[in-house]
Amino acid sequence: MNRFLEVTTNGLTLAAFYFLVAVGFSLIFGLLRVVNLAHGAMYLLGGYIGFSVNERTGNFALAAIGAGVFVAITGVAAHHLLLRRVQGQELREAVVTIALGVIVGDQLLAYYGGEVRAVLPPRWLRGAVSLGEIHIAKYGLLLTGLACLVGIALWWMIRFTRLGIVIRSGIDDREMVGALGINVPLVFAVVFALGSFMIGAVGWFGAPRFATGPGLDGVRMLDALTVVVIGGLGSLPGAAVGAVVVALAGEYGLVYVSNYAPLVTLGVLIIVLASRPQGLLGRRERLA
Amino acid sequence: MNATHTRIRLALVVLVLATAALPLFVSDFNIERVAAEVLMLSILAMSFIFLTSLVGMVSLAQTAIAAAAGYSVAYGTAVRHWPVALTIVVAMLFGCAVGAAFGLVATRTSGIYFLVITLAMGLVVNKFALQNRGITNGSTGINSVRGPNVAGLNLDNGFHRFYVLLFVAIVVYAGLQAISRSHFGSTLVAIRDNPTRMRSLGYAVQLHRVAAFLIAAFIASISGIFGVWFRGRIDPTSASLSQAINLLVICVLGGLNRLEGAFVGAAVFVLLRTYASDVTDRFNTLIGLALLVVALLAPNGISGVARRVAEIERNRRNDRNSRLSTPVS
């Protein structure tokens, strides 16, 4: 029973991380309808920029902000200069983002080299907290707190601010929002910047728990895609539910199925998609 | 229109003859490694383009289906020492069975969901092959698989393999063309364009989609079998995410709406990968840039550009011949 509890708590901290990875991806899809397949590469870019900032300043938080800002600027530039040109054409958008992801991944390999980099969390976040016989890594708790914070802040923004109202109505009817005199391209840029900032910063926040190295872009891309597709593309609560499902399936699989653990998560994904293609909390797309 | 068709057919015959005569002009390495791989990837790319162009489904599972068939061949040949015919039949059946299973589930979705679900299914093959010891032998894979020796054709010989591949590629191309021109092909296009109407007209939409997916799986299996003979081995990376992306890159570069795109894309990809290393270490950046340019400027790929150029040329000639046209100063 203790083992089960420990696996569950571990799974939940992992879920927090998955939520952070997936939420920007889901937000961007929700409003812009862009399946950003460069999301994994943006995670990796954030991780490496974080390393560079951390090396120069020695400040963990500053590294996260630097990573976020850098990725946000890159993301908005890419969206403005390239992605906007193929707006609304699903496959071409996907191909443009794949191309960008491939280029970024390769350039990072060229610049930072092939070795895997690891970093220790700040001193006060090392070690574990013990609750009875269950041990939880402090850093996992930080990620959980961060995920809750981001989730609540986003929910509040979408629910109660003017930007949130525009985003919500933009999801429903983009043309109508534009016709009402709202600067839709600007809102798009803001949302893209926000999503990019989050994934860039998470790239750095992930570094102490998962070493950063080539190939991680593909892994994170799959994580985000699995989480968001299970939960429902473009839905904030969906991203949270998807993250919990994916993380717990992965952790339980690792402990109870061991060898074929990766198949458990994929199996869940296939079952959800086959029975409820729009995801657990997703809305059924209108037939165009 | 008829004259154009004749000309296209003539061009195809010339192209095939030129390819068949390639060994006279280029080195053995270029035939046995480069050209053979181009043909092998072309067959796989045709299975992909068949689905995108006719059915409107972007399937990232094609490499994994090819790998499933490839694993059967490797297992049958190198582990079990089955007779050649039995191995091939088992491999084709297994590839198609995997394809049918994938198709039955995946065709319930469409658009981006279809892409994701086929990606996930492909990765199931990848992870299974990686974790299984008894049959697929984990990350090592199955090694030293010899090509068969049938009817005087030795599939271990690079030249024999090249000509067999050329023949198979032509047959696959002709077969898929025939299918797309058939009643079944028109039905698929109609379903792609308006599934709701076709359903209300009484067509079994889901069944047609699965059938198309099965045809594509059949073609992918052929490519997978040749892939094992070509490399002499197979391991889980053959069903990996990057392989699936590579196939997508090939098809996008070549052009997603015409079968010819498969050959163009595969040739560009393999030539770049083989010879770009002389110039730059950054092959992926090069491929990414090429992909970006094609996606932004030429949505129908390189074959689409070629077609467009030919069209413009023809229009100009027609203009010149037509009395109504005024000379451009």
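Quick note on labels: first sequence line is chain A, next is B, and so on, each numbered from 1. Atom set for the values below is all heavy atoms of this structure, side chains included, hydrogens, waters and symmetry mates excluded. Predicted model, so just to flag it, every value in this text is computed and none were measured.
Only the side chain of V252(B) has a heavy atom closer than 4.5 Å to any heavy atom of chain A. Contacts of L256(B) with chain A are made by side-chain atoms alone, with heavy-atom separations under 4.5 Å and no backbone atom involved. If you measure heavy-atom distances from N132(B) to chain A, the contacts under 4.5 Å come from both the backbone and the side chain. Only the side chain of V86(A) comes within less than 4.5 Å of a heavy atom in chain B; its backbone stays farther off. With a threshold of 4.5 angstrom between heavy atoms, L269(A) approaches chain B through side-chain atoms but not through N, CA, C or O. Looking at L248(B), only its side chain comes within 4.5 Å of chain A, counting heavy atoms on both sides. The part of L241(B) that comes within reach of chain A is its side chain, from C-beta onward, which places non-hydrogen atoms under 4.5 angstrom from that chain. Neither the backbone nor the side chain of L286(B) comes within less than 4.5 Å of any heavy atom in chain A. Contact of L83(A) with chain B is not made at all, since no heavy-atom distance falls under 4.5 Å. Both the backbone and the side chain of Q107(A) come within less than 4.5 Å of a heavy atom of chain B. With a 4.5 angstrom heavy-atom cutoff, V96(A) touches chain B via backbone and side-chain atoms both.
Distance check, rounded to the nearest 0.5 Å: CZ of R84(A) to CD of E93(A) gives 12.5 Å. Expressed to the nearest 0.5 Å, how far CZ of F50(B) lies from CD of Q62(B) amounts to 10.5 Å. Atom CG of L225(A) and atom CZ of F25(A) lie 5.0 Å apart (nearest 0.5 Å). If you take CG on L254(A) and OH on Y260(A), they are separated by 15.0 Å, rounding to the nearest 0.5 Å. Note that CE of M198(B) is 5.0 Å distant from OG1 of T187(B), once rounded to the nearest 0.5 Å.
Chosen from A110(A), G279(A), G218(A), the residue pairing most often with chain B at heavy-atom distances under 4.5 Å is A110(A). Contact tally against chain A (heavy-atom pairs below 4.5 Å) for T109(B), L289(B), V124(B): the top residue is V124(B). In terms of heavy-atom pairs under 4.5 angstrom with chain A, the leader among L104(B), V105(B), L296(B) is L296(B).
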_With side chain to side chain donor-acceptor pair (under 3.5 Å) as the criterion, how do S303(B) and E260(B) come out once you've worked through the C-alpha distance, each side chain's angles and the decisive distance to 0.1 Å?_
CA-CA 7 Å; S303(B) 69; E260(B) 295 83 36; 5.9 Å; no

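Side-chain contact, S240(B) with Q243(B): no donor N or O sits under 3.5 Å from an acceptor N or O.
By the salt bridge (charged side-chain N to carboxylate O under 4.0 Å, His left out) test, R117(A) pairs with E55(A), sequence neighbours left out.
The aromatic rings of Y112(A) and Y48(A) lie parallel to each other, with less than 30° between the two planes, well short of the 60° mark.
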